[in-house]
Amino acid sequence: MASENKFYVTTPIYYVTARPHLGSLYSTLLADVAARWNKLYGKKTFFLTGTDEHGQKIAEAAEKAGKKPKDFVDSFIESYQGVWNSYEIQYNHFIRTTDKGHAHGVQEWIKYVQKKGDIYKANYQGWYCVSCETFLTESEAKDFKGEYPACPTCGRQTKYISEESYFFKLSSYQDKLLKFYEDNPNFITPKERLNEVVSFVKSGLKDLSISRTTVRWGIPFPGDPKHVVYVWADALNNYLTAIGYQQPGEEKEFNFWWPADLQILGKDIVRFHAVYWPAFLMAADLALPKKLLVHGWIKVGQQKMSKSLGNVIDPQNLLDAYGAEPVRYYLCRHMSIAQDSEFSVPDLEQKINSDLANDLGNLLNRTITLALKNELGDVTAPKTWSKDAIELKDKFSSCLTEYTADFNEGFFNRALTNLWHYINNLNSYFQHNEPWSLAKADKQKFAEVISATCHGLYGTAILLWPIMPKKMTELLDALNVKLKVDGQNYIEQLKTLQWNLQFKIKQIEPLFKKIEHAESPKMTEDKSEFNKKEPDIEPTITIDDFLKVKLLVGTVEQCEPIQGSDKLLKLQVDFGKLGKRQILSGIKQLFSPEELLNKQFVFVFNLAPRKMMGLESQGMLLITKDDQGKAAFITPSVSVSNGSRLQ
Ligand code: MSP
């Protein structure tokens with residue numbers, strides 16, 4: 001991230017065909033965390049997010065909903081802004097590509113590039129994915145089976161289009177792009193993504209179609225209103241138009257913020273941001289962004305979230321159940337930047353309990369209670385520290401060095417893992433010194449242990465502030481520290497901190513509540529009206545995807561209800577040569593144990609084991625339910641050997 005005193009960060013702008021989901025929250029949250037982190041350095045920050053509102057995908061979705069495109073997109077804006085606000089996402093500007101100023105900026109960009117000779121008119125023929133709004137390359141559209149090639153990104157059906165189009169001379173930027181990647185090896189985090197981009201560009205760039213005549217919902221192409229601007233040429237320019245590009249009187253503002261210091265995006269849209277976007281900027285004679293942070297997908301049940309799979313998680317449901325900051329923490333710490341990550345509610349609950357309530361919250365609580373019980377409200381640092389406290393201080397310094405390096409690279413999850421090692425050290429130090437005994441036996445040492453723990457908590461709270469701003473303000477408040485993120489460089493202060501602070505300890509409510517309920521609430525119901533309709537295009541899977549799921553026949557040998565659960569039955573299932581397994585199933589209200597006993601059913605055999613009500617479930621029983629809620633089992637038509645596989 002930039003060393004100068006400003007930081008401009010962007011999120012992708014979201015297609016507004018539904019309310020935001022957990023994936024959209026993730027991209028936006030990372031940007032908020034990056035902006036807040038840079039505020040801790042005392043920088044001026046500008047955080048941009050918004051919505052991508054033109055193009056064929058939106059036009060088709062609006063038509064399906066029986067609405068005009070503008071009315072359709074308008075209907076979702078409040079839900080985006082509402083969810084961002086409740087998650088404490090402090091954006092500076094929310095751009096909509098239907099904003100007038102944006103359209104003007106895009107048209108000016110086209111005129112500029114046209115004047116340079118980098119745009120020409122020809123005919124486009126090829127395959128198009130409406131869901132990703134992308135043209136398939138020749139190699140992507142080669143050798144397909146069936147009537148159409150599937151989109152390599154989303155797997156959906158593509159459409160053949162043939163129409164007059166304006167082309168951007170992308171091919172003439174191939175060498176310049178390769179030189180840029182070579183000169184800027186840190187342009188993309190993680191580095192592996194840059195390698196993929198380099199090989200894509202090396203394989204040869206074709207000119208890019210940047211206008212459509214068969215779509216009407218878009219920005220009119222300057223000088224040729226039969227055409228509208230291709231939605232990606234429209235959308236990418238939002239990063240410029242939002243800060244005043246080509247707006248009279250806004251030059252100073254624009255020159256102050258551009259280039260962006262960090263652009264956040266998911267792995268599915270790397271090509272647009274790492275190839276087309278830099279070429280567009282080169283054509284406009286503008287500087288290139290300093291860094292792209294490319295994150296993996298959040299998966300639910302091993303799949304990317306998708307409306308048709310019914311596994312979409314609504315951030316609002318999570319917020320209602322767990323509060324904003326624990327969810328912010330979980331996403332930043334336990335979703336990996338570099339890879340796809342599996343999101344699961346039981347794991348979220350477990351991490352809230354272990355990391356937040358136990359490791360951090362409990363330590364603060366114990367420190368406060370012990371200090372106040374022993375009349376140590378005013379905590380002063382000793383003149384000289386003991387060896388173990390000096391070690392603790394040194395550990396914080398090395399943690400700080402690694403934390404800042406990881407954070408500045410965009411590896412927030414790795415930074416947090418590191419910080420938790422430190423929190424564990426802090427807990428061990430506290431535990432090992434047994435301050436509850438020292439309170440009577442050695443008051444001086446007692447005061448030292450409390451002071452050292454407070455210093456450790458103080459540093460931790462500052463580093464965690466970008467992730468959990470309210471909770472960390474509360475933590476600091478318990479130590480009588482007021483955090484003013486107003487231009488001072490807190491990170492530099494932490495680096496030089498001498499552990500000579502005075503704290504005044506105050507009782508506060510526990511920072512994090514433990515989650516204690518028998519079963520996790522279900523999070524995947526989709527509430528929006530639009531989402532309830534059937535999608536028109538089903539994503540497909542390959543045979544390899546199918547073969548990953550091991551569906552086996554097994555006989556239920558024992559079946560009994562689980563005490564305290566109104567949903568679960570516990571089954572002992574015989575899988576023949578593969579042995580016996582305990583499987584829990586939430587069907588107590590649908591079937592009696594007698595209906596299952598000694599019968600054969602179909603089970604998912606290779607589902608990761610999961611604990612429910614303290615018992616492990618080692619697979620899943622398959623059933624079906626119709627629209628009226630009538631449930632039925634899946635059984636083989638004749639008896640087969642236990643352990644037989646469905647194929
Ligand atoms: N409109 C384009 C972006 C234009 S930017 C100039 C777009 N929109 S999107 O709504 O489909 O996706 C926006 C972002 O959300 C992408 O970065 C995408 O990777 C991210 N996510 C969508 N689903 C996701 C997950 N399941 N997990 C993590 N992020 C994913 O593409």
Side-chain angles (χ1 to χ4, degrees), residues 9-31 48-58 61 73 76 79-80 83-84 95-98 102 105-106 109 129-134 151 153-154 156 188 193 218-219 229-242 260 262-278 280-281 289 292-309 311-315 331-332 334-344 413 523-524 526 531 539:
V9 59
T10 68
T11 72
I13 47 174
Y14 303 99
Y15 289 129
V16 273
T17 52
R19 290 167 47 77
H21 58 63
L22 192 62
S24 353
L25 173 65
Y26 185 53
S27 286
T28 318
L29 173 62
L30 294 178
L48 173 69
T49 190
T51 41
D52 192 351
E53 304 188 354
H54 288 130
Q56 192 170 354
K57 178 185 170 102
I58 305 275
V73 290
F76 293 111
S79 67
Y80 270 87
V83 169
W84 296 165
I95 191 168
R96 300 181 57 182
T97 52
T98 49
H102 170 74
V106 171
W109 173 79
C129 172
V130 177
S131 183
C132 298
E133 295 278 19
T134 185
C151 169
T153 306
C154 70
R156 288 183 172 86
I188 304 182
R193 299 266 176 236
I219 299 175
V229 179
Y230 166 47
V231 64
W232 273 100
D234 163 347
L236 285 164
N237 277 303
N238 91 87
Y239 303 132
L240 301 177
T241 60
L262 185 68
Q263 301 212 264
I264 290 172
L265 50 131
K267 66 174 191 181
D268 46 330
I269 52 176
V270 176
R271 188 186 300 172
F272 301 96
H273 284 83
V275 182
Y276 305 161
W277 178 224
F280 288 175
L281 289 167
L292 306 183
L293 175 61
V294 181
H295 62 76
W297 283 340
I298 296 182
K299 296 193 163 182
V300 175
Q302 316 274 314
Q303 315 250 29
K304 189 182 181 220
M305 269 180 286
S306 128
K307 282 180 263 165
S308 49
L309 291 171
N311 64 351
V312 171
I313 296 203
D314 187 332
L331 292 176
C332 290
H334 293 289
M335 301 293 105
S336 148
I337 292 288
Q339 279 137 19
D340 291 349
S341 309
E342 176 74 19
F343 177 90
S344 98
N413 57 320
M523 285 293 158
T524 45
D526 204 337
N531 288 344

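Below, each value reflects all heavy atoms present in this structure, side chains not excepted, and no hydrogens, waters or symmetry copies. Numbering of ligands and ligand atoms starts at 1, following listing order. Nothing fancy with the numbering, it's 1 onward along the sequence.
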Expected rows: ligand 1 N/O, protein N/O, dist below 3.5 Å:
unit_1: ligand 1; atom_1: 1 (N); unit_2: I13; atom_2: O; d: 2.8
unit_1: ligand 1; atom_1: 1 (N); unit_2: D52; atom_2: OD2; d: 2.7
unit_1: ligand 1; atom_1: 10 (O); unit_2: Y15; atom_2: N; d: 3.2
unit_1: ligand 1; atom_1: 17 (O); unit_2: G266; atom_2: N; d: 2.8
unit_1: ligand 1; atom_1: 19 (O); unit_2: D268; atom_2: OD1; d: 2.6
unit_1: ligand 1; atom_1: 26 (N); unit_2: I298; atom_2: O; d: 3.1
unit_1: ligand 1; atom_1: 27 (N); unit_2: I298; atom_2: N; d: 2.8

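- Between the side chains of T28 and Y80, no donor-acceptor pair is found at a separation under 3.5 Å.
- A ring-centre distance under 6.0 Å is not found for W232 and Y276.
- Not counting sequence neighbours, the partners of D268 by the side-chain hydrogen bond (donor to acceptor under 3.5 Å, both in side chains) test are W297.
- K299 is linked by a salt bridge (Lys or Arg N to Asp or Glu O under 4.0 Å) to D340, counting only residues two or more places apart in sequence or in another chain.
- Legend: residues meeting salt bridge (Lys or Arg N to Asp or Glu O under 4.0 Å) with R96, ordered by chain and number and at least two apart, are E53, D74.
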Hey, mind stepping through D234 and H102 against side-chain hydrogen bond (donor to acceptor under 3.5 Å, both in side chains) and telling me if it holds? CA-CA 9 Å; D234 163 347; H102 170 74; 2.8 Å; yes
